[in-house]
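A short worksheet on the structure shown next.
In this text, all values refer to a predicted model and were calculated from it rather than measured experimentally. Whatever order the structure lists ligands and atoms in, that order sets their numbers, starting from 1.
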Amino acid sequence: MIKPIQAILRGGFDWAERGLDRLVGPRANPLAQLGALGYFLFWIVAVSGFYVFAVFDTGVTRAFDSVEWMSGPQWWHAGVMRSFHRYASDLMVAVMLVHLTREFALDRFRGARWFSWFTGIPLIAFVYVCGITGYWLVWDKLAQYVATTSTELLDWMPIFGEPIARNFLEPTSLSDRFFTLLVFLHIAVPIVLLFVMWIHIQRISRPKVNPPRLLGAIVLISLLIVSLAMPALSQGPANLAQVPSPVRLDSWFLVLYPLADRAPGAAWAAMTAIGLLLSIAPFLPPRRTPAPAKVFLDHCNGCGRCVDDCPYEALRLTRRTDGAVYLQEAIVDPSKCVSCGICVGSCPSSTPFRRSQELVTGIDLPDYPLARMREDLISACSALGEGPRILAISCAHGAGGGLRPAPGLAVLELPCVAMAPPSLIDFALARNHADGVAIVGCSERSCHNRLGVEWTKQRIAHERDPYLRARVPRERLATIWASSTEAGRMTREIEMLRKRVAALPPDGPPPAPPAPAEPREKVLS
Ligand code: HEM
Ligand code: SF4
Ligand code: SF4
């Protein structure tokens, strides 16, 4: 049931991401930067909020006038800041919901990844509470509607001793103190939100919390244009003597309000169902908990490369425990390890050329050890016939996950392409197991293991240890970054590699270009 939904969503995201790539380029693609955008919008909301707060009057009788003053005579600074505050908050809700959907579509919420998902759920509640208390503060007709509907919703649950909706029954009952409490909530909840946002990324190495400059500039300019074209305005002063109807609702923050207004019980049921569904999602079938990575101290020199490369903070270095000459050793936290195998690819001991009977490395995946990877490579390539023999080292999550062996094509499928140490490519070509190697990873925007594509590119480009040796003929190598909906492009690029390899001489460097023909007169003389 979940898989087909994920496939449809992934297809939709892929399509939208490719379109945005063409529009703003892959680096500034907002769909690839949703977490960072969430952080960026939080700071915009915070800065514009401080500005607005400086000119806002928190008294119940003066709040509306002070907001009117901002959007009226002071529109060019305070009014623009008010609009920034409102539209950046709306955009934050949109970004958060799309981010949630994309993480679900990419299946990055199960197993050890449950933590980021689970800590994301309170973020939704905090963001909504921030927005709703904000609407309340303006004390216009919409605020009155929000206040009465929210309190009736709270009163429906037997939480408070006395019904708090009474505060809104007559003008005299709404005190300045109650209003100050709201202001306090509107400032305190974002601080808690920021703290939970920080917890949310604690199990992510090198989290992206700042969008690229171009994307940041696009967001700021768009917010400015919208703020000038459609300034945020109030909907007339609140009047507790009247029922505030009809009001224009903000469709991001107040989407559940019509339901809460008519049937508070149904609104509670909807919120509880959404909360429950999100909370149990990481633990629903199909559950797959591959064994975490394991360190083999006899082959670990404590170099720390695996610690640097792990995308999920699952590794750290600790004081040596086995009396070896090295100072440190790597240690795995099994509760954080997603078994991507990237650490296997970064360990200097992961060399398939080693002759030892049993190929053991410094850190390995018990479910798919390096020794089996080498055996699988040899056996897959031995089935290749004549003609250019291509080996595809593919990631199970991108287009490569659907790649099957074919005449002239062997496939070695891994949990992540970065699990293959660069020496494995060297091994395949130098030991004549294949004539060409295609590395087929996820799309650059949506690496399932966050950093696998980036590390592989850097290893090949000699920018990150372990390097792909210079002796490996680059003309026999292709890197293909394709999502699961780009199987067609993947196949075309593999065919291009095949043709390129077919045009190369069997081994050795390409022949020198033919010498220019001798002048005719000379030949004759
Ligand atoms: C205020 C709202 C939020 C902000 C600012 C935010 C921010 C972030 C950031 C910065 C990352 C790290 C991205 C990276 O570098 O790969 C991240 C990851 C993640 N977020 Fe959020 N997030 C928010 C809400 C949510 C919500 C509501 C959910 C789902 C319930 C969620 C689920 C996840 C998951 C599952 C990951 C980890 C993905 C992985 O394993 O690679 N987030 N978030
Ligand atoms: S397999 Fe290795 S790199 Fe991947 S999460 Fe586990 S320890 Fe980190
Ligand atoms: S990369 Fe290998 S040798 Fe280096 S610390 Fe990790 S396990 Fe040990």
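The protein non-hydrogen atom at the shortest distance from atom 6 (Fe) of ligand 2 is C337 SG, 2.3 Å. At the top of the distance list for atom 4 (Fe) of ligand 2, counting protein heavy atoms only, stands C340 SG, 2.2 Å. Closest to atom 8 (Fe) of ligand 2, if we only count protein heavy atoms, is C310 SG, 2.4 Å. The single protein non-hydrogen atom nearest to atom 5 (S) of ligand 2 is V338 N, 3.4 Å, given as residue, atom name and distance.
For the pair R471 and F353, the distance from NZ or CZ to the six-membered ring centre is under 6.0 Å and the angle to the ring normal is within 45 degrees. Taking the ring axis of Y312 as reference, the NZ or CZ atom of R203 does not stay both within 45° of it and closer than 6.0 Å to the ring centre.
In summary, the side chains of S222 and Y87 do not present any donor paired with an acceptor at a separation below 3.5 Å, with no hydrogens or angles considered. No side-chain donor-acceptor contact under 3.5 Å links S394 and E413. Using modelled atom types and a 3.5 Å distance limit, the side chains of T318 and Q328 yield no donor-acceptor pair. Under 3.5 Å, the side chains of D250 and Y135 contain a donor-acceptor pair of N or O atoms. Inspection of the S227 and S83 side chains reveals no N or O donor paired with an N or O acceptor under 3.5 Å. Side-chain N/O atoms of D107 and Q6 include a donor and acceptor closer than 3.5 Å. R354 and H299 are linked by a side-chain donor-acceptor pair at a separation below 3.5 angstrom, with hydrogens and angles left out of the test.
Of all atoms in ligand 2, listed by their number and element, those nearer than 4.0 Å to a heavy atom of P311 are 3 (S). Within ligand 2, counting atoms from 1 as listed, the ones closer than 4.0 Å to a heavy atom of L315 are 7 (S). Short contacts between ligand 2 and S339, defined as distances under 4.0 Å to a heavy atom of the residue, involve ligand atoms 1 (S), 6 (Fe).
Inclusion of C343 in the first shell of atom 4 (Fe) of ligand 2 is not supported: no N, O or S atom falls under 2.8 Å.
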List ligand 1's nitrogen or oxygen atoms that come under 3.5 Å of a protein nitrogen or oxygen, with the partner atom and distance.
unit_1: ligand 1; atom_1: 15 (O); unit_2: K208; atom_2: N; d: 2.8
unit_1: ligand 1; atom_1: 15 (O); unit_2: R450; atom_2: NH2; d: 3.1
unit_1: ligand 1; atom_1: 16 (O); unit_2: R450; atom_2: NE; d: 2.8
unit_1: ligand 1; atom_1: 16 (O); unit_2: R450; atom_2: NH2; d: 3.4
unit_1: ligand 1; atom_1: 20 (N); unit_2: H99; atom_2: NE2; d: 2.8
unit_1: ligand 1; atom_1: 20 (N); unit_2: H200; atom_2: NE2; d: 2.8
unit_1: ligand 1; atom_1: 22 (N); unit_2: H99; atom_2: NE2; d: 3.0
unit_1: ligand 1; atom_1: 22 (N); unit_2: H200; atom_2: NE2; d: 2.9
unit_1: ligand 1; atom_1: 40 (O); unit_2: Y312; atom_2: OH; d: 3.1
unit_1: ligand 1; atom_1: 41 (O); unit_2: Y312; atom_2: OH; d: 2.9
unit_1: ligand 1; atom_1: 42 (N); unit_2: H99; atom_2: NE2; d: 2.9
unit_1: ligand 1; atom_1: 42 (N); unit_2: H200; atom_2: NE2; d: 2.9
unit_1: ligand 1; atom_1: 43 (N); unit_2: H99; atom_2: NE2; d: 2.9
unit_1: ligand 1; atom_1: 43 (N); unit_2: H200; atom_2: NE2; d: 2.9

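The residue among C416, A291, G341, P415 with a heavy atom at the shortest distance from atom 1 (S) of ligand 2 is G341.
The closest approach between any non-hydrogen atom of S346 and ligand 2 is not below 4.0 Å. Ligand 2 does not have P292 within reach: every non-hydrogen atom of the residue lies 4.0 Å or more from it.
Checking side-chain atoms of R404 against main-chain N and O of V411 turns up no donor-acceptor pair under 3.5 Å. Using modelled atom types, one side-chain atom of R459 and one backbone atom of A418 make a donor-acceptor pair closer than 3.5 Å. Without hydrogens or angle criteria, S339 side chain to T289 main chain gives no donor-acceptor distance under 3.5 Å. A side-chain donor-acceptor contact under 3.5 Å links D364 to the backbone of L370. With hydrogens and angles disregarded, no donor-acceptor distance shorter than 3.5 Å links the side chain of H186 to the backbone of L137.
No option in I199, I201, L194 other than L194 meets the side-chain contact (heavy atoms from CB on, under 4.5 Å) test with M197.
Around atom 8 (Fe) of ligand 3, the protein contributes the following N, O or S atoms under 2.8 Å, ordered by chain and number: C300 SG.
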